[in-house]
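Remarks on the structure that follows.
Residue numbers begin at 1 in each chain, while the letters A, B, ... track the order of the sequences.
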Number of protein chains: 2
Amino acid sequence: MIFDFFKEVGIIEQLSRARLEARLPDGLIAPHFAVLNHLTVRGDGAVPIDMARAFQIPKTSMTHTIKGLVQHGLVEMRSNPDDGRSKQVWLTDKGIAMRQEVINALGADFALLAEGFDMAALARIKPTLTALREYLDDARDVTAGG
Amino acid sequence: MIFDFFKEVGIIEQLSRARLEARLPDGLIAPHFAVLNHLTVRGDGAVPIDMARAFQIPKTSMTHTIKGLVQHGLVEMRSNPDDGRSKQVWLTDKGIAMRQEVINALGADFALLAEGFDMAALARIKPTLTALREYLDDARDVTAGG
DNA sequence: GTTGATTGGTGCGATATCGCACCATATATG
DNA sequence: CATATATGGTGCGATATCGCACCAATCAAC
């Protein structure tokens, strides 16, 4: 049944998140890492509201996550020269280093996974997951029956 | 890359959870529904600690979730005649009815999804997801590099 | 059977999520 | 350019998650 499909997705998300967070320093959780990663991959100095939209979370949640990163010295907030309302979030050297360490540790985790599980099978189903994600993303505001 | 696989899983989880919660009465979220569903599918009168283990969450979290369901009159707590330490969680008529209404609403959501997305493709990749979930589940305590 | 260890539940505190309200700034309208 | 509207950020309160500590009940070891 299709309901079970999403149940499996939920469990895998929970288990993989637990493994990620086991690699993070005390006091940091998945959303913190997601921000560091976003800044690295999509470009440093992002505006908080833009990341909130990218993650599809409320802006108050993003404010809170960034505050935690600032307190740990992993990012710093700067005023945005182009817009006095908004700010920019910049990685610190410590933040760059910490993300890299986590990436390295995750590499070991993935290597272990590859020893016991058919990674090619995951690569094979990834396009379908991507298509589903894109569909759900686009149809975000479409509701059945009101 | 394999990292992106889990990223897709995370996003799909987030989007599907949002859609589920849009179908729930005010004040109830996915974990509440998960408990109602568990009691319906796996058997009524479950012991809280057993559900906490099934969901792989701390027992304090389960206590909290059940408390919310009790306050909404959807389940009731009874003492366990077989073990004075533990309790049992039983669905109320209201709880049974509420779950069914949500199931019905989700049916409409799934029908809408089926109109725009290839459900057979999801059915095709489900076994791989199940295998991955089982693997991660079994290897829960195995760590790479300590 | 007494005693120590284990187990199930919960109060409490720290942190997370998020809606509401508010303020500062920017943009649009005239 | 004065004013209305929109936008970005944050304080606050409600609820969620979860580790720690504690208690009651059970089980294990003798």
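Backbone-only contact: B:Asp83 has heavy atoms under 4.0 Å from sugar-phosphate atoms and none from a base.
The salt bridge (charged side-chain N to carboxylate O under 4.0 Å, His left out) contacts involving residues 81-91 of chain A comprise A:Asp83-A:Arg85, where partners must be two or more places apart or lie in separate chains.
Inter-residue side-chain proximity for B:Val70 and B:Val75 is flagged as met; some heavy-atom pair is nearer than 4.5 Å.
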- Task: If a protein heavy atom is under 4.0 Å from the base, mark B; if only from the sugar-phosphate, S; if neither, -; do that for nucleotides 9-18 of chain C going 5' to 3'.
- Result: BBB----SBB
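A salt bridge links A:Asp109 with A:Arg23; the closest basic N to acidic carboxylate O contact falls under 4.0 Å.
At its two ends the helix from C:dG1-D:dC30 to C:dG30-D:dC1 runs along axes set 30° apart, each axis drawn from five pairs and the angle rounded to 10°.
Put simply, CG on A:Asp118 and CG on A:Leu113 are 10.0 Å apart, with the number rounded to the nearest 0.5 Å.
As a whole-Å value, the separation of A:Ile66 CD1 from D:dG8 P is 13 Å.
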Got a list of side-chain donor-acceptor pairs under 3.5 Å for residues 33-43 of chain A, not counting sequence neighbours?
from, atom 1, to, atom 2, distance (Å)
A:Asn37, OD1, A:Arg99, NE, 2.6
A:Asn37, OD1, A:Arg99, NH2, 3.1
A:Thr40, OG1, A:Leu36, O, 2.9

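Cluster membership check: A:Ile57 shares its hydrophobic cluster with A:Met51, using side-chain heavy-atom separations under 4.5 Å among Ile, Leu, Val, Met, Phe, Trp and Tyr.
Not counting sequence neighbours, the partners of A:Ser86 by the side chain to side chain donor-acceptor pair (under 3.5 Å) test are A:Asn80. Residues satisfying the side chain to side chain donor-acceptor pair (under 3.5 Å) criterion with A:Arg78, sequence neighbours excluded, are A:Glu76.
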